[in-house]
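Reviewing the structure listed below.
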Protein chains: 2
Amino acid sequence: MEFFDKIGKMAIGSRLRMLSEIVTEDASKIYNLYGIDFHPKWFPVYYVLAEGKANTITSIAKEIGHSHPSVSKIISEMVKAGLVLEKSETTDGRRNVVSLSAKGNEVTLKIQDQYTDLNSAIEDMLGQTTHNLWKALAEWEFLLEQKSLLKRVTEQQKLRERSNVTIVDFESMYLDAFVNLNTEWISHYFKMEESDYKALNNAEEYILNNGGYILVALYKGEPLGVCALIKYPTDDFDFELAKMAVSPKAQGKNIGGLLGAAVIDKAKSLGAKKLYLESNTILKPAINLYHKLGFVKIPERPTPYERCNIQMELVL
Amino acid sequence: MEFFDKIGKMAIGSRLRMLSEIVTEDASKIYNLYGIDFHPKWFPVYYVLAEGKANTITSIAKEIGHSHPSVSKIISEMVKAGLVLEKSETTDGRRNVVSLSAKGNEVTLKIQDQYTDLNSAIEDMLGQTTHNLWKALAEWEFLLEQKSLLKRVTEQQKLRERSNVTIVDFESMYLDAFVNLNTEWISHYFKMEESDYKALNNAEEYILNNGGYILVALYKGEPLGVCALIKYPTDDFDFELAKMAVSPKAQGKNIGGLLGAAVIDKAKSLGAKKLYLESNTILKPAINLYHKLGFVKIPERPTPYERCNIQMELVL
DNA sequence: TACTTTTACGTAACTAATTACGTAATTAAT
DNA sequence: ATTAATTACGTAATTAGTTACGTAAAAGTA
């Protein structure tokens, strides 16, 4: 089993399966040892019947956490072995009411000792270990019920990706990225307009020297996201959030979200009270993001952009 | 999963299987999350190939602890998916030499992140538990390799049965048992002889009042085994171990062994140096037991019993 | 050199579970 | 009183492994 140490936690499923196989294989031999004609897989069903708790296929399935076809098969095997009786003598004709036969009840007597011995053998093993497998299993079942492994991995993924992204202030070395990333999406969804050329071709003069800012998202050092904070010409707003662009190859890494949050932080630190933005409703993920960031739709107001069909604001 | 708490350790196999199922089901979704077209069950094989360690079906199987048909199937699936290449261009025409294809190597790049994230997710879970599942699994694998569950249960069984057996000195209330148990096996394998009647019908007089002893094995209070220690008439031996009988319904509980050991102890405590016994070689389990107790075959000597064809002694 | 044993590995059949699906009985809703 | 939805459960197909078996190549042996 040393293989598992190298392979890491990736194969915990395989590892559990293998141990389960080793254990159940021996379980089968153990029944033999006690002279009981019994398959280990019957045990959960048998146990429920011996307790006299549930007595229809579905209720047993629910009790033991199996699917009903599984119980159905086990019951038919146990019927064949003479351990279980089926009867439909209830008011509900769909139900298959089952119970232990006389022979099935005999097993109960025989199985007592085995139960005791297996229990002590396992207790003995648990006593020899420093890490209690039984309790560890219960803890894992609990944790996985609270939050699935899938969700946990997704969270780790987000966490890791976030650490790959750093948001930095604009420098002239990022000018190309600022222009290209914006040109790319604008000409993909719409067409470049007069105001686009103005803002992109003279970014430093038009945005930065005018009291505005540009933030750049670096993904593993590469500038793959940009966003501008342009000083708003009137008193209605402090800044306009504009020219936000994220490279398609960095999509799904929440770079937009990080960039947006950073831009808002920046505005806040500058004492801004109100942000403005313009967009188009066909850009669903963008609108969604703005929403998440706290922007709300406002009534139509004049804009130099042809593609603009929605305007939003964020009160800080 | 509360079912398992009631059912006890009996279903540890089921419990392991269920957890394994939950985990591997999510594993499949996790590959999806990272855009990798990959079945979780391929992973162990893939890992070995990526490490460049083993490259034939059997060697991979050995490495990962699967059967070779399992690896064979996985390889053919991975070949179909274009991740693995097969070639028989070796000197040994039986071997199927496999390796990752270019596409297979691409997976290595994609899988890195997933590997990291899954590892951290699991480490995170392990950190949240007080009982470390990972280490507990390793401990169980180790313990079961040392001694199988079957063997452990067998030992517990022996231990428990021993506690059900008590060896007591003869009392007149056990006379019936002494007579019946002996009559039963003697007339089953042979026929009752003159000396049998003498010893059984006048046990108290013939054995006890003659410096001999009778010990009784009580199984859960019931006298199911007897054994006599008869004063030997000459100086050759101190006692003859005779009239040992165990009820067929208590067979396999090592009552003979316990009884034998107790009788020898008794003889020792009486200062005896040499014990004698007579038997017949068709009684294999008995001869076997005498052997285990330390008796060795001795040359033929006169005996009143027709059925006797072997004689043994034990030097204390 | 010829014969036997071992090794490598594929195919087939089995196992213990699952999902998917169909059918009949019951219950709820119009 | 119909009709629709739900429930109970069996059968079939699928899954991820196993053992059993057969065949061909290689290695060992007389």
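Throughout, protein chains are lettered first and strands after them, A, B, ... in sequence-line order, and every chain is numbered starting at 1. Just so it is clear, the values below take in all heavy atoms, side chains as well, and ignore hydrogens, waters and symmetry mates.
Phosphate proximity of C/dA16 to B/Arg17: absent, as no side-chain N or O sits under 4.0 Å from OP1 or OP2. One finds no side-chain N or O of A/Ser72 lying less than 4.0 angstrom from the OP1 or OP2 phosphate oxygen of D/dC9. Between B/Thr56 and C/dA8, a side-chain N or O to OP1/OP2 separation shorter than 4.0 Å is absent. A close approach under 4.0 Å does occur between a side-chain nitrogen or oxygen of B/Asn96 and OP1 or OP2 of C/dG10.
We find that CD1 of A/Ile60 is positioned 10 Å from P of D/dG10, with the value rounded to whole Å. Taking atom CD1 on B/Ile22 and atom P on C/dA17, their separation rounds to 15 Å, with Å as the unit. Across the protein-nucleic acid pair, A/Phe43 atom CZ and C/dA16 atom P stand 16 Å apart, rounded to whole Å. Rounding to whole angstrom units, CG of residue A/Asn55 and C1' of D/dA8 are separated by 13 Å. The nearest whole Å value for the distance from the CZ atom in B/Arg15 to the P atom in C/dA16 is 22 Å. Atom-to-atom, CD of B/Glu63 to P of C/dA8 comes out at 15 Å; the value is rounded to the nearest Å. Spacing between atom CD of B/Glu86 and atom C1' of C/dG10 amounts to 11 Å, rounded to whole angstrom units. As a whole-Å value, the separation of B/Ile74 CD1 from D/dA16 C1' is 8 Å.
B/His68 contributes a side-chain N or O that forms a donor-acceptor pair with the base of C/dG10 under 3.5 Å.
The local environment of CG in B/Asp37 is sparse, with at most 12 non-hydrogen atoms from other residues, nucleotides or ligands closer than 6.0 Å.
Contacts of B/His39 classified as ring-ring contact (aromatic ring centres under 6.0 Å, His included), with partners at least two apart in sequence or in another chain: B/Trp42.
Looking at A/Thr56 and A/Ser59, their side chains do bring a donor and an acceptor atom within 3.5 Å of each other. Residues B/Asn96 and B/Glu86 have side chains that bring a donor and an acceptor to within less than 3.5 angstrom of each other. With no hydrogens or angles considered, a side-chain donor-acceptor pair links B/Gln128 and B/Asp124 at under 3.5 Å.
For the pair A/Trp42 and B/Ile57, nearest-nucleotide mapping onto DNA chain C gives the more 5' position to B/Ile57.
In summary, B/Glu77 and B/Lys73 do not engage in a salt bridge, as defined by a charged side-chain N under 4.0 Å from a carboxylate O. One finds no salt bridge joining B/Glu139 and B/Lys135 here, because no Lys/Arg side-chain nitrogen approaches an Asp/Glu carboxylate oxygen to under 4.0 Å.
Looking at heavy-atom distances under 4.0 Å, B/His66 makes contact with sugar-phosphate atoms alone, never a base. Residue A/Thr58 is classed as a sugar-phosphate contact, given heavy-atom separations below 4.0 Å to backbone atoms only.
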I'd like a list of close polar pairs between nucleotides 12-15 of chain D and the protein, N/O only, cut-off under 3.5 Å.
none

